[in-house]
Amino acid sequence: MQRITVRPNIALHMLIGLLALLALAACTAPVAPAEAPAGDQAEAAPAEGEITVSVVTPYMANATTKYVIDRFQEDGQAKGWNVPVTDTNADFNELVSRIEDAVTQQVDAIVLGMGDPAQMTKGLETAKEAGIPVFGLDAGVAPGVVLNITSDNGQLGQVTAQYLAEQLGGEGNVVMFTHDPHPGVRARAEAAAAEFANYPGITIIEKKHIEVPGPVDFARSLTQDLLTAYPNDGDIAGIWAGWDEPALGAVQAIEAAGRDGILVVGIDGTDFAKEEIAKGGPFVATVQQDFDAMAAQLADIIAAYLAGEPPAEEQITIPGILITAENVNQ
Amino acid sequence: MTVESTTDNPPRRRSMSLWLRTYGTFIGLLAMVLIFSLLRPGVFLSVNNLRNIAEQVAILAIVSTTMTVVMVVGDFDLSVGALASLCGVIVADMLIKQLGLVPSIAIALAAGALAGALNGLLVAYAGLSAFVATLATMTAYRGLSLWYTDGSTLFSGIDEAFRPIGQGSTGPVPNSVLIMLGVLAVVWFVMEQTVFGRRLYAIGGNAEASFLAGVSVRRLRLIAFIISGVGAALAGIVLTSRLFSAHPTAGEPLMLTSIAAVFLGMTMFREGEPHVLGTFFGVLLLGVMNNGLNLLRVNSYIQQVITGVIIILAVLISGLARRGQR
Amino acid sequence: MRHITKTYPGVRAVDDVTFDVRAGEVHGLVGENGAGKSTLIKILAGAVHRDRGEIHFDGQPVTLANVHEAKRLGVSIIHQELNLVPYFDGAENIFLGDPYPHRWYGGVDWRTLHRRAAAILAQLGAAIPVDVPVHRLSPGQQTMIAIAHGFAANARLMVMDEPTAALTDQEIERLFAVIRALREQGVGVVYVSHRLEEIFEIADRVTVMRNGRVVTTQPAAKLDQDELVRLMIGRNVETVFPPRGDGMGEPLLEVQGLSGETARDVTFTLHAGEVLGVAGLVGAGRSELLRMIFGVDPIRAGQIRLPSTDDAGTSRAPRSPGDAFRKGVALVPEERRSQGLVLSRPIFENVTLTHLARFARGGLLLDRRRELRETARLGDRLGLKAHSLRQPVMQLSGGNQQKVVFARCLAGEARVLLLDEPTRGIDVGAKLELYQIIRDLTREGAGVLLVSSELPELIGLSDRVLVLHEGRQMGIIDAATTDQTEVLRACYGFTPGEINGE
């Protein structure tokens, strides 16, 4: 027999559904799949005496995050650890739950793969009570985090801002693409703004929030509109992006509009950014973080901690390398 | 009060409220256009900017149009955003693997149809609510595209022949806009001028009565979901071409925005039913608002607040108008 | 109420109506749909404001400006769709809106609440559990909870709008006992119903409305049913039921040993030109029988054959409603609004829905002009009244809505018509028209299987009556020679043979 529901008022019905969806999204976000190679290990119960270092991240869809976590996973596995990775797809609330899961499983250490630890204090407290150390991998410093290893985001922002300002000859209007909820990107933007302030000829005319997911398309449409809003050559001299994806969107919009003389810089040194820089278009620079060093050093620090040697500082910074047309092919 | 009270009375005291209900959203759109063109004379209404708006809404319009089909039947599809991402990733990967333009696109569209069919089977035949079923498949499709790409962006080695779909123009009109208009025309025609569309509207109005009137309710609901899946796939393909790279979560913002667009459109037509043209106006409203606020250099965060307020206003006005009608 | 007038643009819904209700009186209010009863009730409830005229309550002039004033005065309206909170229990619903008794710590004093509720119900002579969520009560019990709610709020005037529409006969009896109890407590009751026999049973005086005006107000004892019908529709009714047909034609539907969820071993043959009535109490399996034939409800055992469609072996039972329509079997479902019609859609779309492909170009492209033409033709034949065929069905009266459902069946030229309570909630005039339509259809060669809870209608319209008792077939009675007593006894499980033997 066919089961049929009768809908007295579709609009109302669906509106309620939509509200329920939002409520649901807020409290029980869907479980994102674990990384493929790590997933198998995550399901396997840790063997007796085997060390498990659990990685939780809200940003696995981001290429950079993925890269650094992959490196760390390799370095950890090289030390004989079990390194499961869990992604929550930008959901910080769920991140807390995943940390609590890891605590329940009595892992040896938890690594926070990016994401602001200030947004997950509840998870950190749980871990602290259980005596499980939490390390930040390009995350942030907060009570409950033993140590955070990071590129100096401030330095990354400063270097790219400085390069852009110099390329512009210290003159012109600059647009900044930011994403303040991300602490690293916020630090980059703050340092960049401070650097631009050193050039009296540089004016920051717009600071635009880039939405994720979908930052490329968002930045592309936004740049289209900005080009319309500032229609003359020279109205916009440069675009500083907090990471490479919005920079890519900006570059595509500039090229499609055929506007000359607008320079774009990104951060992260992703492959597509390098390809654009090598092509010699508006994309003039990105800065590559030394993720290999970052991941390797964190693995060493955790190994030392587990061997009974806690680190002296709570933050270690690793400087990035500026990539321009001159060194992109090296 | 009782139902019989409104029966057999000719339409009364409806002119004003009906007018508001029918044209409220449309007038909102016009008002917005007027305000933006007054505040940014010569800029907002320039050919270039109008082309930009059309291009910016094209992908959303494709998804929203096919989402309308599902919503006409009284269901909805939360998986479209994740599905658009997945199909965008698939087409990029096929192109990188040198499968050729047409086969790559065909495979991605087929994947969309298949995923839509899965949604439809779960809803129409397994009896899950559309909400639960597509929420679950949304998660699964997102997982698939993350797994497929290993979480990274696919960008190098995409066949150059693929670029014109999302970036090229035919004459002055961007190809993505042509695709959007094509989808719009086909779906409008199917929904308004064919036996199939009429039956979908009947199901949405009263599924049980339609079933007892001999309409194959289950089969048609399944087909509606397949259409939505294909629409999502097409949007994903255009998006991948527009960005000339495939990001495993690139399509995600489409889901809520497309539902919002259909809701906005529902405020305009026929007793509050979803309608293809209404949806298109909803999409335009959202697109024009975004573009205009950018041109006015409004703070990014405030833009989101304004967007929310406008949606609530539109629904409120139509709701008030409907109550006034009683 | 004196000289009340309420005008809507284009319609004078209530025109110079003078109407009074005395304390301790049951006042029947009858009239066809659109006669103005509902508007009058709305004015009493304070939901609609009159244009002219005055209202006195307990001798004092009142404005009745809004619902709250009406409530404060003690006007309580029992709607057809009850205003109860389904998941609250009876006591909570009875005192809904009043402050519940509290314990010292602020919690609700459930025991006192339930005791008071039980006391209220006892005053009305109704025994209903007060601690059960009302959605688990029967429709009749729910109605009484709603009445008790009004009574608890010290209602002086209670308006009941079609309170028996969904009730069984026993429940109606109990409801009447409650209404009599209200009358003894000095409450004035306005009783609106399409069921005229109820009016005669319960009402002291009757007011008849037609076209927004009061035709007459008379003591019920001075009227009889024919007179009342005549007053309502404004012309003489000679015979309520059209004459039966000239006899039965070839068999159209053969049912052999059919069993389902409730129905057990049902066997009969429906012939062309015949109306076969199906009688039974609620839950006897009448609707299920129709739905099994229509391909909706599952068949456990037995066979259905359609001899008239016997070409290329298609005489088997329909597998789905679509299949049934293709084989010339049409159903008019029990619940017109929820099962019969897509209320938000236009008339013509509802009429053409089933056989849409036939009216379309190439079976695919809509041809609205042809649909409208066909709908107009069928509408004319059925006497369908509407401003426009593009009007949403929800704007029509019950009778006209049912004509739309009939038109859909006619559009496919069905020969086997399954009618499930086709006249429920329809005013007298439209009922008579439907009776004529049903007879016309049989004269043209259709066979009708008719389920109706109104025994006079069932017997008067049918050629034969098949009686079901708890799913079992008690027999098939010749309608021309039977009476209500015989059919009703069969419904309660006495075989017609036993009756004859007595």
Side-chain angles (χ1 to χ4, degrees), chain A residues 2-7 9-11 13-15 17-18 20-22 24 30-33 35-36 60-63 65-67 70 87 89-90 178 205-218 220-222 224-229 231 245 248-249 252 256-257 270-272 275, chain B residues 40 43-44 46 48-49 52 55-56 59 71 74 76 78 85 127 130-131 135-136 138-139 142-143 146-147 150-153 155-156 167 204-208 211 217-218 239 242-245 247-254 256 259 263 266 272-274 290-291 294-297 300-301 315:
Chain A
Q2 192 149 5
R3 190 185 304 266
I4 280 157
T5 37
V6 180
R7 288 179 200 78
N9 185 336
I10 312 170
H13 183 83
M14 291 196 290
L15 194 63
L18 198 67
L21 168 74
L22 294 174
L24 199 74
V31 180
E35 251 295 279
M60 199 64 179
N62 175 287
T65 313
K66 185 178 151 38
Y67 180 84
D70 284 352
D87 174 33
N89 196 40
T178 62
I205 48 169
E206 296 262 8
K207 270 189 191 170
K208 284 292 182 183
H209 173 78
I210 303 298
E211 281 180 33
V212 286
V216 188
D217 193 40
F218 186 90
R220 183 176 170 148
S221 294
L222 176 61
Q224 264 185 342
D225 292 346
L226 289 174
L227 295 178
T228 310
E245 277 158 335
L248 177 64
Q252 290 179 342
T270 51
D271 291 343
F272 58 76
E275 199 172 279
Chain B
R40 295 306 310 267
V43 175
F44 179 77
S46 67
N48 206 9
N49 193 50
N52 279 351
E55 203 189 330
Q56 287 166 12
I59 293 165
M71 288 178 70
F76 52 123
L78 303 180
S85 309
F131 183 76
L135 188 64
M138 169 183 85
T139 313
R142 177 197 293 148
L146 284 167
W147 171 74
D150 220 4
S152 60
T153 298
F155 68 96
S156 60
Q167 297 187 25
N206 187 339
E208 189 177 0
F211 170 66
V217 174
R218 288 200 282 206
L239 182 63
R242 173 167 147 101
L243 303 179
F244 220 61
S245 53
H247 308 258
T249 56
E252 305 248 324
L254 291 173
L256 278 175
I259 293 178
F263 269 121
M266 282 165 67
E273 285 166 345
N290 251 323
N291 171 272
N294 277 336
L295 294 189
L296 292 181
R297 305 168 192 179
S300 309
Y301 301 135
V315 177

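Below, all heavy atoms of this structure are taken into account, side chains as well, without hydrogens, waters or symmetry copies. Since this is a predicted model, take the numbers as computed values, not measurements. Order of the sequence lines fixes the chain letters, A, B, ..., with proteins taken first and strands second; residue numbering starts at 1 for each chain.
A donor atom on one side chain and an acceptor atom on the other are not found under 3.5 Å apart for A:T228 and B:N48. If you check the side chains of A:Q252 and B:Q167, you find no donor sitting under 3.5 Å from an acceptor.
Across A:K208, A:K207, A:E211, a single residue satisfies side chain to side chain contact (heavy atoms under 4.5 Å, CB included) together with B:S300, and that is A:K208.
Residue contact with chain A, scored on non-hydrogen atoms closer than 4.5 Å, involves the side chain of B:Y301 exclusively. Both the backbone and the side chain of A:Q224 come within less than 4.5 Å of a heavy atom in chain B. If you measure heavy-atom distances from A:L248 to chain B, the contacts under 4.5 Å come from the side chain alone. In this structure, the portion of B:S245 lying under 4.5 Å from any heavy atom of chain A is its side chain and not its backbone.
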Begin with the C-alpha distance, continue with both residues' side-chain angles, and end with the deciding distance and a verdict on side chain to side chain contact (heavy atoms under 4.5 Å, CB included) for A:V212 and B:E252. CA-CA 9 Å; A:V212 286; B:E252 305 248 324; over 6 Å; no
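Of the listed residues B:L243, B:L295, B:L239, the one with more heavy-atom pairs under 4.5 angstrom with chain A than any other is B:L243.
Side-chain atoms of B:Q56 come within 3.5 Å of backbone N or O of A:S221 as a donor-acceptor pair. Checking side-chain atoms of B:R297 against main-chain N and O of A:A229 turns up a donor-acceptor pair under 3.5 Å.
Under the side chain to side chain donor-acceptor pair (under 3.5 Å) criterion, B:T153 pairs with B:H247, not counting sequence neighbours. By the side chain to side chain donor-acceptor pair (under 3.5 Å) test, A:D217 pairs with B:R242, sequence neighbours left out.
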